[in-house]
Amino acid sequence: MSVFSIDSAERLSTGFWINRLFIPGRVCLFGEHSDWAGGYRNENPDLGKGHAIIAPTTQGIYAESRPTKEKLVLHSCDMQGTTLGSIEIPMECKCLQKVAESDHFFSYAAGVAYELLQHYPVKGMHIHNYKSDLPIKKGLSSSAALCVLVTRAFNAHYGLGLSLEEEMQIAYKGERNTGSSCGRMDQACAFEKPVYMTFDGDLCQTVPLSPPTTIYMVLVDLKASKNTRRILSDLQKGYPFAQNQQQRNVQSFLGPLNEKITQSAVQAIQKGALKELGELMNLAQELFDLHLEPACPSELSAPKLHSVLRNPLLKPHILGGKGVGSQGDGSAQFLVKDEQTQADVMDIIENQLGLS
């Protein structure tokens, strides 16, 4: 996997620099929703901190970028290479904000450009997203990947000197400018390796993880649908202060229970203890269902997800499994013992279950 570096730039005949960028998606191995939950500690310090383990995917968004004088120009295509659309937006706060707050496909990019324009001496940018193999609306942070990509393009061309963490912060604020209630873990797609993240109010800390052995995973597109906005809206009703037992259960899972599971998972990853890691995945899903599903049953009952997790064809081959991202019927993830088992599981998923 490669991400943007200055060395990968090529000079065009026009004299502009054109930069080739790749931003991966991210999968939340443990700790989904705990990022925004931990953010509420600013208002209620009795809440537990958020804890999550994030890893990059091998799929992502590919683009070329070059500076322009006055406009943000975007072209994008889907996984099949079909053009999704193009837009030109004057690099003015009012114009960028209007697109960011709309339902437009490019709202996320406009939200990032709006954030940058308020704080840095930037002009325009032309971004051509010529390839995407990252599925959207599957819990793999496709929107965050786009936000990081736009931030990185501006950072490189205008010499802003932003660190990785600062790129993540701008991408996060840019996505929030669209009205999204995303948490802070999504922008971890900026990293090239697994990281352990903690969330305490406005503070976000990351620690890289280095497992002693390769850990083989399988991500499954459930080919169903989910409403992430509905999930977030329903779960956040109990924050910053719970009003009933159901909301207290949500706070309990996203706080102390998740902290215990995630810290145990960090230790298992660092030791390469795959069986233990798989058992923790199963436990995390079991407790998620127990504490969070009643708060949003229309989405978190997730019949497709649970049917795949419990599928008897897969059971003998997997060490553990759980939902992805905000959960719901978007994607599932499995931990397997080795590369051959990974191939066997993928074969069952594609050829017997009809999924991808």
Side-chain angles (χ1 to χ4, degrees), residues 1-27 56-91 96 99-100 102-116 122-160 162 164 167-168 170-171 174-175 178 186-192 219 221 331 356:
M1 183 188 305
S2 62
V3 295
F4 164 79
S5 67
I6 292 293
D7 294 337
S8 69
E10 298 176 359
R11 183 173 290 279
L12 296 177
S13 58
T14 59
F16 284 118
W17 285 99
I18 181 166
N19 294 315
R20 301 189 185 280
L21 303 100
F22 170 76
I23 304 297
R26 70 100 185 99
V27 58
T57 65
T58 49
Q59 294 79 27
I61 300 175
Y62 299 78
E64 297 173 337
S65 63
R66 60 182 175 86
T68 64
K69 290 184 178 181
E70 300 174 344
K71 296 179 180 180
L72 175 65
V73 183
L74 298 137
H75 306 279
S76 187
C77 64
D78 62 15
M79 293 179 66
Q80 286 72 45
T82 304
T83 298
L84 290 175
S86 302
I87 193 172
E88 294 186 11
I89 314 170
M91 278 295 287
L96 292 167
V99 176
S102 73
D103 292 328
H104 199 283
F105 177 76
F106 292 112
S107 62
Y108 294 107
V112 172
Y114 172 74
E115 187 67 29
L116 285 161
V122 297
K123 295 181 181 178
M125 185 66 62
H126 187 142
I127 296 175
H128 178 208
N129 163 216
Y130 61 89
K131 177 184 175 182
S132 298
D133 57 7
L134 180 66
I136 62 174
K137 297 183 179 180
K138 299 298 179 182
L140 301 177
S141 292
S142 56
S143 57
L146 177 61
C147 291
V148 171
L149 185 145
V150 174
T151 304
R152 190 160 291 173
F154 276 93
N155 188 22
H157 284 297
Y158 291 104
L160 304 182
L162 300 173
L164 205 60
E167 283 186 347
M168 289 172 59
I170 289 170
E175 185 161 354
T178 69
D186 293 356
Q187 288 72 33
C189 58
F191 286 91
E192 295 182 70
L219 296 180
D221 182 349
S331 303
S356 60

As an exercise, state the distance from [atom1] of [X] to [atom2] of [Y], rounded to the nearest 0.5 Å.
X: K131; Y: Q59; atom1: NZ; atom2: CD; value: 10.0 Å
X: L164; Y: R152; atom1: CG; atom2: CZ; value: 5.5 Å
X: F154; Y: L160; atom1: CZ; atom2: CG; value: 9.0 Å
X: L149; Y: Y62; atom1: CG; atom2: OH; value: 12.0 Å
X: L74; Y: F105; atom1: CG; atom2: CZ; value: 9.5 Å
X: L21; Y: I61; atom1: CG; atom2: CD1; value: 10.5 Å

Taking all heavy atoms of [X] and all of [Y], pick out the closest pair and write down the distance.
X: A145; Y: I23; value: O-CG2, 3.6 Å
X: M91; Y: K71; value: CG-C, 3.7 Å
X: P56; Y: P24; value: CB-CG, 4.0 Å
X: V99; Y: S107; value: O-CB, 3.4 Å
X: A109; Y: L72; value: O-CD2, 4.0 Å
X: K123; Y: K69; value: CB-O, 3.5 Å

Using atom types as modelled and distance alone, determine if a side-chain donor or acceptor of [X] lies under 3.5 Å from a backbone N or O of [Y].
X: T68; Y: M125; result: yes
X: T151; Y: C147; result: yes
X: N155; Y: L162; result: yes
X: S132; Y: L134; result: no
X: N19; Y: A153; result: no

| task | Using the six-membered ring wherever Trp is involved, compare the ring planes of H128 and H75 and label them parallel, tilted or perpendicular (cut-offs 30° and 60°). | result |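 It falls in the perpendicular class, over 60°.
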| Do S65 and H157 have side-chain N/O donor and acceptor atoms under 3.5 Å apart? | yes
| query | Are side-chain N/O atoms of E167 and Q187 paired as donor and acceptor at under 3.5 Å? | reply | no
| Contact check, side chains of L219 and S331, non-hydrogen atoms, under 4.5 Å |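 Of all side-chain heavy-atom pairs linking S331 with L219, none is under 4.5 Å.
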| request: Apply the test side chain to side chain contact (heavy atoms under 4.5 Å, CB included) to residues I127 and V73: give CA-CA distance (whole Å), side-chain angles for both, the deciding distance (0.1 Å), then the verdict. | output: CA-CA 6 Å; I127 296 175; V73 183; over 6 Å; no
